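Report on the structure given below.
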Protein chains: 2
Amino acid sequence: MGLLDYFRSSHSKGSASVAKERLQILVAHDRRERGCPSYLPQLQREILAVIRKYVDVDMSAVSVNYEQEDSHEVLELNIVLPDTAQNRL
Amino acid sequence: MGLLDYFRSSHSKGSASVAKERLQILVAHDRRERGCPSYLPQLQREILAVIRKYVDVDMSAVSVNYEQEDSHEVLELNIVLPDTAQNRL
């Protein structure tokens with residue numbers, strides 16, 4: 001199953017109960033060199049800064065998961081957008 | 001199955017054949033208002049600009065999938081990083 005299929009299936013299963021507008025961001029990094037420091041935590045801050053250009057994001061509405069194992073790491077950001085989310089463009 | 005589980009399982013299945021360092025980014029947006037324009041295409045450019053601060057990314061190594069249906073849209077970026085990818089920090 002492809003990643004888009006995963007999103008599609010999880011969306012259709014949950015769509016009836018989803019009332020809030022939300023944004024989900026995933027960054028998965030397969031690394032060859034295990035010793036070098038991860039830049040995902042910094043990347044996370046910069047991605048959030050970019051997103052805040054487009055929508056009002058209260059930091060209390062952002063949940064972050066970060067997992068690292070061997071040479072694979074995944075950063076997951078779940079953001080519940082405010083009801084009055086306005087495009088700032 | 002949670003999203004992190006999905007990444008974990010797809011990683012373990014494919015880890016033997018993965019030689020390249022790679023980065024995968026997903027942005028899923030559940031929108032309440034269907035009429036308003038999407039900002040994901042602009043977001044895509046800005047996220048790529050942020051990533052290029054950390055690693056050398058040749059634009060030919062970036063593949064993009066974008067799907068939109070009803071009030072749900074998903075942007076997927078797959079980036080094969082160069083063998084000599086260096087952290088620029």
Side-chain angles (χ1 to χ4, degrees), chain A residues 1-12 14-15 18-33 36-40 42-51 53-55 65-67 69-81 83 85-89, chain B residues 1-12 14-15 18-33 36-40 42-51 53-55 65-67 69-81 83 85-89:
Chain A
M1 183 172 75
L3 209 39
L4 288 175
D5 293 325
Y6 175 83
F7 267 103
R8 201 179 295 124
S9 64
S10 66
H11 170 63
S12 43
S15 58
V18 171
K20 290 282 184 185
E21 178 149 345
R22 63 194 183 96
L23 201 57
Q24 186 173 36
I25 297 139
L26 269 119
V27 183
H29 188 192
D30 284 318
R31 309 197 295 168
R32 292 180 67 200
E33 295 173 37
C36 59
S38 169
Y39 49 80
L40 288 201
Q42 291 96 315
L43 202 59
Q44 169 197 329
R45 282 191 288 274
E46 296 209 47
I47 287 175
L48 278 174
V50 166
I51 286 163
K53 292 183 187 178
Y54 297 93
V55 280
N65 279 310
Y66 176 66
E67 289 203 5
E69 55 179 47
D70 292 338
S71 56
H72 185 68
E73 50 180 341
V74 178
L75 172 71
E76 179 183 3
L77 303 174
N78 286 289
I79 304 168
V80 178
L81 301 175
D83 290 339
Q86 288 183 345
N87 196 321
R88 289 181 179 175
L89 288 180
Chain B
M1 183 174 73
L3 208 39
L4 289 175
D5 293 326
Y6 175 83
F7 267 104
R8 202 179 294 123
S9 64
S10 67
H11 171 64
S12 40
S15 59
V18 171
K20 290 281 184 186
E21 179 149 345
R22 64 196 182 96
L23 202 56
Q24 186 173 36
I25 296 139
L26 269 119
V27 183
H29 188 191
D30 284 319
R31 308 197 295 168
R32 293 179 66 199
E33 294 174 38
C36 58
S38 169
Y39 50 79
L40 288 202
Q42 290 98 313
L43 202 58
Q44 170 196 327
R45 283 192 288 274
E46 296 209 47
I47 287 175
L48 277 175
V50 165
I51 286 164
K53 291 184 188 177
Y54 296 93
V55 280
N65 280 309
Y66 176 65
E67 289 203 4
E69 55 179 47
D70 292 337
S71 56
H72 185 67
E73 51 180 341
V74 178
L75 172 71
E76 180 183 3
L77 302 174
N78 286 290
I79 304 167
V80 177
L81 301 175
D83 289 339
Q86 289 185 342
N87 195 321
R88 290 180 179 175
L89 289 180

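Residue numbers begin at 1 in each chain, while the letters A, B, ... track the order of the sequences. Quick note: numbers below take in every heavy atom, side chains included, and nothing from hydrogens, waters or symmetry partners. Owing to the predicted nature of the structure, the values given are computational and were not obtained by experimental measurement.
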Largest heavy-atom contact set with chain B, pairs under 4.5 Å, which of Ile51(A), Ile79(A), Leu43(A)
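Ranked by heavy-atom pairs under 4.5 Å with chain B, first place is Leu43(A).
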Using a 4.5 Å cut-off on heavy atoms from C-beta on, say whether the side chain of Lys53(B) contacts that of Glu46(A).
yes
Asp30(A) to Glu21(B) - nearest heavy-atom pair and separation:
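Looking at all heavy atoms of both residues, the shortest contact is O-CG, 3.1 Å.
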Value for CG (Leu23(B)) from CG (Leu40(A)), rounded to nearest 0.5 Å, stands at 7.0 Å
For the CD atom of Gln24(A) and the NE2 atom of His29(B), what is their distance to the nearest 0.5 Å?
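With rounding to 0.5 Å, CD (Gln24(A)) is 12.0 Å from NE2 (His29(B)).
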